[in-house]
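Read the numbers this way: they start at 1 and go in the same order the structure lists the ligands and their atoms. Quick caveat: nothing in here was measured; it's all calculated off a predicted structure.
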Amino acid sequence: MSKNNNPDITAFFSTLDRRFFLEEDKELAVLDSALPIGYGQTISQPSLVLYMTQLLEPNTRLKTLEIGTGSGYQTAFLAEFSKEVYTMERIVPLMELAKKRLHELGYSNVHFIEGDGSSGLPEKAPFDRIMVTAAASKIPDELLEQLAPEGIMVIPVGDAFAQELLQVRKDKDGNITVNAIEAVRFVPLVGKYEI
Ligand code: SAH
């Protein structure tokens with residue numbers, strides 16, 4: 001677990017029912033594994049979503065960008081622990097379902113953006129936090145640029161077989177440090193940085 005483990009995030013995790021983010025096979029939601037959500041995509045493993053949220057060190061004063069809304073499960077954590085969230089998804093029906101779910105949960109601080117998030121969202125940059133939930137061949141230059149000073153990005157990087165979860169920090173002078181966390185397996189970030 002992250003050395004900056006936030007107990008509020010862990011408490012939120014235990015109250016958020018993953019069944020709510022699935023249309024089918026809801027009985028599988030209790031398993032700590034990724035599950036299909038249609039269109040060849042998956043909802044992430046709950047323990048990994050918790051871990052990635054901890055690694056992002058979110059807080060309610062900050063603005064977050066998420067690439068890969070999927071079911072909206074990770075988005076709910078970001079909505080709870082950010083001031084504002086911009087979340088991008090290329091598969092419109094998935095985005096519509098996620099939007100409906102987050103609305104039902106009562107979040108009004110999430111902006112849903114349809115399209116390829118490989119190049120981020122320059123018109124709303126900089127972002128204090130960036131969460132990428134699909135695997136990239138490298139850290140996208142555009143996302144590094146759009147990360148605010150003292151910002152943190154969490155992103156899986158690698159190839160189709162082996163990926164590593166990276167925690168990327170930008171200091172106040174713009175210097176970047178990359179912390180390799182653990183081996184993971186995500187669906188590809190489609191587009192310019194596709195694995
Ligand atoms: N955190 C999500 C996991 C989603 S899987 C959840 O727990 O449900 C990754 C998502 O990234 C998929 O929905 C996929 O369609 C989306 N995706 C892949 N490449 C993308 C891109 N270039 N831009 C935006 N979304 C992308």
Check your understanding: What pairs with Glu23 under salt bridge (charged side-chain N to carboxylate O under 4.0 Å, His left out), at least two apart in sequence or on another chain?
Key -> Arg101
Output a table of donor-acceptor pairs, distance under 3.5 Å, between side-chain atoms of residues 130-141 and any protein atom two or more places apart or on a different chain; print 'none' if there are none.
residue, atom, partner, partner atom, Å
Thr133, OG1, Ile67, O, 3.4
Thr133, OG1, Gly68, O, 2.7
Ser137, OG, Tyr193, O, 3.2
Lys138, NZ, Asp141, OD1, 3.1
Lys138, NZ, Asp141, OD2, 3.4

Check your understanding: Looking at residues at least two apart in the chain, or sitting in another chain, which of them share a side-chain hydrogen bond (donor to acceptor under 3.5 Å, both in side chains) with Gln41?
Key ->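 Residues passing side-chain hydrogen bond (donor to acceptor under 3.5 Å, both in side chains) with Gln41: none at all.
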Review point. Heavy atoms under 4.0 Å from ligand 1: which residues qualify?
Key: Gln41, Thr42, Ile43, Ser44, Gly68, Thr69, Gly70, Ser71, Tyr73, Gln74, Met88, Glu89, Arg90, Ile91, Leu94, Gly115, Asp116, Gly117, Ser118, Thr133, Ala134, Val187, Pro188, Leu189, Val190
Review point. Hey, are Thr87 and Glu66 close enough side-chain-wise for a donor-acceptor pair under 3.5 Å?
Key: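 Checked: Glu66/Thr87 side chains pair up, N/O donor to acceptor below 3.5 Å.
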Practice item. Establish, yes or no, whether a centroid distance under 6.0 Å links the rings of Phe12 and Phe81. Key: yes
Exercise for review: Might you point out which heavy atoms bring Gly40 and Val187 nearest each other, and give the distance in Å?
Suggested key: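 Residues Gly40 and Val187, closest heavy atoms: O-CG1, 4.0 Å.
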